[in-house]
Colleague: 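This structure is in C-alpha cells; I'll ask about it shortly.
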Protein chains: 2
Amino acid sequence: MNQKKSDISRTQILDAAAKLFRKHGYATTTLRLIANEANLKAGSIYYYFGSKEEILGEVLDIGIQRIIQAIQDGINQLPANATALDKIRVAIREHLHTLLKYGDYTSANIRIYKQIPSNVRQKHRALRRTYAEEWDQLLNDAQAQGEIRKEVDITLLRLFLLGAMNSAAEWYNPRRGKLEPLFEAVTEFFFDGIKSIPDKRQARDQLD
Amino acid sequence: MNQKKSDISRTQILDAAAKLFRKHGYATTTLRLIANEANLKAGSIYYYFGSKEEILGEVLDIGIQRIIQAIQDGINQLPANATALDKIRVAIREHLHTLLKYGDYTSANIRIYKQIPSNVRQKHRALRRTYAEEWDQLLNDAQAQGEIRKEVDITLLRLFLLGAMNSAAEWYNPRRGKLEPLFEAVTEFFFDGIKSIPDKRQARDQLD
DNA sequence: TTATTTTTCTAACTATTATTAGGTAGAATC
DNA sequence: GATTCTACCTAATAATAGTTAGAAAAATAA
C-alpha cells in the first residue's frame, strides 16, 4: 500500500523536467536528458507519465500553483490593519521570490509558455487566468481604496508589472546579487515613478 | 550582375524564418516549414545559407538593428530643445512600435533568445550589449540633468523598463487594441508611478 | 521460501530532422 | 548556337526523437 519509492521517482522526473525546460526550452529537452537527470532510463518515464506533453502539463500547473500559494500565505501573515498597497507589496515580493529563488517550475512556466504545443497551453490557460484575476483583485481593491490613482488602467498595470517582474527570470543571476534590491526597485518604480518632480498631471490629481 | 531574383528569395527565407521563429520558437521551426512559407523546397535554402543556425543569427541581428535604427531616427527628429526625458519617451515609443507593429524580427529576437544554441547567442550578445548601452546612456543623461531621481538604479531601471515593454510581445494583440494606450501606460507607470499620494520618501526627496 | 506486484531496463520501431549530392531548366554570356 | 551560371529541385543520408514491448530486477506479500 505504501508506494514511497514510486513517489520519489515521479517527483525526480518532474524536478528534472522543470529544471531542463527552464534552461533549454521544451522542444530541445529530450526524454533521455530528463531521465538522465532523474537517474533513470528514458523508457522508465512511461511508467509514470503517458507522454512528454503530460509531464509538461504538470510542470506548468505546479509552477503557477506554487506562486499562488506563496502569495496567499504571505498575505495571510499580514496584520489586520494592512492596506491594499501592503498586500500588493507582499504579492510582489512573493512573486519575485518564487520566480527567482525556488524557481524551476515557476520559471519554466514563464519562460516556455509561448513555445509549447497549443493543446497543452490551452489546458493550462485557465490556471493562468485565475492567477491574473487574483492580481486584478488586489489592484482593484487598492484603487477602490484610493491608494492607486483612479485613471490607472488596472489591466495594463497588471500586464506591465508582471511583465517587468517576469523579465527578471531572463537576467537575474542569484550568484551576482541579492533579491531584495530587485523588490525595492520594482515597488519604487511602479509606486512612485522615477521622475524627480511631479509633473502637472500628477499635481492636478492631488487636488481632486 | 543584377541578382534581384536571388535577393528576393533570400529575403523571403529570412522573413519566413523570423515569422515562424517568433510564433513557434527555434527548435520546432523546421527548414521545411520555412521553405514552404518562402515558396521553396527545404534543400534550396542551402543555396543561400550554410545552416539553420546561420539563418537564426541573421534574424537575431536584424531584429536588434531595426530597433536601434528606429530609435535613432526618432531622436534625430526631435527639436533641439528636447529634454532627456523627451528622448526617453521617443525611445519607449519606437521600441514598442518596432516590437509590436513591424515585429517579426524584433519579436522573434525577444522571444527566442534564451532558447537558442549557446554559440549563436554568444555571437549575438555584443549587439544586445550595444543596445543596452544606448538605453543606459539615455537614462544616465536624464539622471545627470536631474530629471530622474538620483537614487534610481539605472541598470535596474533599464532591465525592468525593457522587461515590461518586451512582455507586451507575449500578450499584445494588434487586432484588439491600439498601441498608443500602451505607450501612455508605460510612461505613466514608470515616470509618475501609480500611487495617489506621494509617500514620505518621495516628499523627502523633493526637499533636497 | 515462494509468489506476486512494483519498478526499472534493454532494445527496438517509426517518424522526423538538418544536411548533402547530384541533377535540371532557364537565363546570361560568349 | 554553345557554354556557363543562377536558382532551384529531388532523393538520399545519418542522427535523433518520442514511444513501445517485453524482460529483468527489486520490493512486498504469502
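Order of the sequence lines fixes the chain letters, A, B, ..., with proteins taken first and strands second; residue numbering starts at 1 for each chain. Keep in mind it's a predicted model, so treat the numbers as computed, not measured.
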Colleague: Can you check the A/Tyr47 OH to D/dA25 C1' distance for me, whole Å?
Modeller: 13 Å
Colleague: Does C/dT8 have OP1 or OP2 under 4.0 Å away from a side-chain N or O of A/Ser9?
Modeller: yes
Colleague: Does A/Lys19, at its NZ atom, have more than 12 non-hydrogen atoms belonging to other residues, nucleotides or ligands within less than 6.0 Å?
Modeller: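 No - once you tally the heavy atoms of other residues, nucleotides and ligands closer than 6.0 Å, there are 12 at most.
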Colleague: If I take atom CZ in residue B/Arg10 and atom P in nucleotide D/dT6, what distance separates them, rounded to the nearest angstrom?
Modeller: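 B/Arg10 atom CZ is separated from D/dT6 atom P by 16 Å.
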Colleague: When A/Thr98 is tested against each of A/Thr106, A/Ile68, A/Ile71 for side-chain contact (heavy atoms from CB on, under 4.5 Å), which residue passes?
Modeller: A/Thr106
Colleague: Indicate yes or no for a side-chain donor-acceptor contact from A/Thr29 to the backbone of A/His24 under 3.5 Å, with no hydrogens or angles considered.
Modeller: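 Side chain of A/Thr29 to backbone of A/His24, a donor-acceptor pair under 3.5 Å: no, none is there.
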Colleague: Is B/Lys123 atom NZ crowded by more than 12 heavy atoms from other residues, nucleotides or ligands, each under 6.0 Å away?
Modeller: no
Colleague: Nearest of D/dA7, C/dT8, C/dC9 to any side-chain atom of A/Lys41?
Modeller: C/dC9
Colleague: Is A/Ser44 close enough to C/dC9 that one of its side-chain N or O atoms is under 4.0 Å from OP1 or OP2 there?
Modeller: yes
Colleague: Just to confirm, is there a sub-4.0 Å distance from OP1 or OP2 of D/dC8 to any side-chain nitrogen or oxygen of B/Tyr48?
Modeller: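 So the side chain of B/Tyr48 is within the cut-off, an N or O lying under 4.0 Å from OP1 or OP2 of D/dC8.
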Colleague: Rounded to whole Å, how long is the line connecting atom CD1 of A/Ile45 with atom P of C/dT7?
Modeller: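 Between P of C/dT7 and CD1 of A/Ile45: 16 Å.
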Colleague: For A/Leu33 and D/dT16, give me the distance from atom CG to atom C1', rounded to whole Å.
Modeller: 11 Å
Colleague: For nucleotides 17-22 of chain C, give me one character per nucleotide, 5' to 3': B if any protein heavy atom sits under 4.0 Å from the base, S if the only such contacts are to the sugar-phosphate, - if neither.
Modeller: BBBB--
Colleague: Check the distance between D/dA17's P and A/Asn36's CG and give it to me in whole angstrom.
Modeller: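 Those two atoms, CG and P, are 12 Å apart.
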Colleague: To the nearest 0.5 Å, what is the distance between OH on B/Tyr131 and NE2 on B/His95?
Modeller: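 With rounding to 0.5 Å, OH (B/Tyr131) is 4.5 Å from NE2 (B/His95).
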Colleague: Rounding to an integer number of Å, can you tell me how far A/Ile13 CD1 sits from C/dT8 C1'?
Modeller: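 Whole-Å distance recorded here is 10 Å.
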Colleague: Here's a test for you: under salt bridge (charged side-chain N to carboxylate O under 4.0 Å, His left out), which of A/Arg111, A/Arg22, A/Arg66 qualifies with A/Asp104?
Modeller: A/Arg22
